[in-house]
Amino acid sequence: MFTIGDFARHGRVSVRMLRHYDAIGLLHPARVDPFTGYRHYTADQLARLNRVIALKDLGFTLEQVGAILDEQVDAHELRGMLRLRQAELESAVTEARARLAQVGARLRAIESEGRMSTQDVVVKKIPAVRIAELSAVAASFGPQDITPVIGPLYDELCGRLAAAGVTGFGPGIAYYEDAGAGDGSVVVHAGTTVPEGTAVEGVEVLVLPGIEEAATIVHRGSMDAILPTAQTLAAWIDTNGYASAGYARELYLECPEDQARWVTELQEPVRRA
């Protein structure tokens, strides 16, 4: 028989781990000296220990390992557990590859610019939100055409909400879609989050659907100077293996009177290229 130290050495595990396996009923020693409390194991038990290690390496919990070893899991259930584990590992590999691509892109940016960018892009899920909105058509998606349209829309929207006694609204959310005229014109939706139950004559209230995956970047300053930030976002999307899936939304986080101090988050829906 092996002492616990020798058994641990042969099994490539720690003594502390063997004691833990004993405590949870996963691998009891073959004999425990009634006087000294010393644990002893047989060579045959190495096979069970090896199975424990192998199943743990596959990512199973110790509780699952115990059920498998004690034949509480039939072949059908085991196949299902393995398929689930396979899917989890594939997902982890995909996420790791995405992070690797981001690291590579950041390195290339530093090498080309000689410094680290102060504009970070984060991919995240955007939840659905209830908004009140007014809309109009702009000649193009360019700031020179959007600004003259969206400003008056927000002035009118906020005025109507205030006149109706609606409180607790904001922040603003603007989103865009093709007007369908084939000339590059877009429908501008100027919205703001509102409480449930809001109803204002002449104002559309709706639940704006969430975005499953959005590449987001924070812009600081006037919206007339949004183009460099939007281009940084577009370059990041292309470099990191994504493709744009629509117009970027604008979430107005801070809108003081001085537009140079505005803080806006661009939220562009993306998909894997």
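The side-chain heavy atoms of Ile217 and Trp236, taken from C-beta on, include no pair separated by under 4.5 Å. Inter-residue side-chain proximity for Thr198 and Pro195 is flagged as met; some heavy-atom pair is nearer than 4.5 Å. In this structure, the side chains of Leu266 and Ile226 come closer than 4.5 Å at one or more pairs of heavy atoms. At least one side-chain heavy atom of Thr193 sits under 4.5 Å from a side-chain heavy atom of Ile173. For the pair Leu161 and Thr192, the minimum side-chain heavy-atom distance is below 4.5 Å. Ser135 has its side chain within reach of His189: a pair of non-hydrogen atoms, C-beta onward, lies under 4.5 Å apart. Counting heavy atoms from C-beta on, the side chains of Ile150 and Tyr176 come closer than 4.5 Å. Between Gln64 and Leu55, every side-chain heavy-atom pair lies at or beyond the 4.5 Å cut-off.
When hydrophobic clusters are built by joining Ile, Leu, Val, Met, Phe, Trp and Tyr residues whose side-chain heavy atoms come closer than 4.5 Å, directly or via intermediates, Leu84 is not grouped with Leu58. Leu18 is connected to Leu69 through a chain of hydrophobic side-chain contacts under 4.5 Å among Ile, Leu, Val, Met, Phe, Trp and Tyr, so both are in one cluster. Note: the hydrophobic cluster containing Val32 does not contain Met1 (ILVMFWY, side chain heavy atoms under 4.5 Å, direct or indirect links). No path of Ile, Leu, Val, Met, Phe, Trp and Tyr side chains, each step under 4.5 Å between heavy atoms, connects Leu227 with Leu233, placing them in separate hydrophobic clusters. The hydrophobic cluster containing Leu82 also contains Leu62, counting ILVMFWY residues as joined when their side-chain heavy atoms lie under 4.5 angstrom apart, directly or transitively.
In terms of modelled atom types and a separation under 3.5 Å, the side chain of Glu156 and the main chain of Leu153 share no donor-acceptor contact. Looking only at distances, a side-chain donor or acceptor of Gln45 sits under 3.5 Å from a matching main-chain atom of His28. Side-chain N or O atoms of Arg160 include none that pairs as donor or acceptor with a backbone N or O of Val200 at under 3.5 Å. One N or O on the side chain of Thr216 and one on the backbone of Val122 form a donor-acceptor pair closer than 3.5 Å. Side-chain atoms of Thr94 come within 3.5 Å of backbone atoms of Glu90 as a donor-acceptor pair (strictly under, hydrogens ignored). Looking at Arg48, its side chain does come within 3.5 Å of a backbone N or O of Leu26 through a donor-acceptor pair. With Asp145 contributing its side chain and Phe141 its backbone, the two residues share no donor-acceptor pair below 3.5 Å.
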How far apart are the C-alpha atoms of Tyr247 and Asp178, what are their side-chain angles, what is the distance that settles it, and do they pass the side chain to side chain contact (heavy atoms under 4.5 Å, CB included) test? CA-CA 9 Å; Tyr247 289 106; Asp178 288 325; 2.4 Å; yes
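Crowding of Arg261 atom CZ: a count of heavy atoms from other residues, nucleotides or ligands under 6.0 Å not exceeding 12. Atom CD of Glu212 is surrounded by 12 or fewer heavy atoms from other residues, nucleotides or ligands within 6.0 Å. Within a 6.0 Å radius of CD in Glu196, no more than 12 heavy atoms belonging to other residues, nucleotides or ligands are found.
Ser185 and Asp183 form a side-chain donor-acceptor contact under 3.5 Å, judged by distance and modelled atom types alone. A donor-acceptor pair shorter than 3.5 Å cannot be found between the side chains of Thr264 and Glu250.
Taking the centre and axis of the six-membered ring of Tyr242, the NZ or CZ atom of Arg272 falls inside the cone set by 45° and 6.0 Å.
Between Phe2 and His10, the angle of the ring planes lies from 30° to 60°, which puts this pair in the tilted group.
The existence of a salt bridge linking Arg9 and Asp6 is confirmed by a sub-4.0 Å separation between a basic side-chain nitrogen and an acidic carboxylate oxygen.
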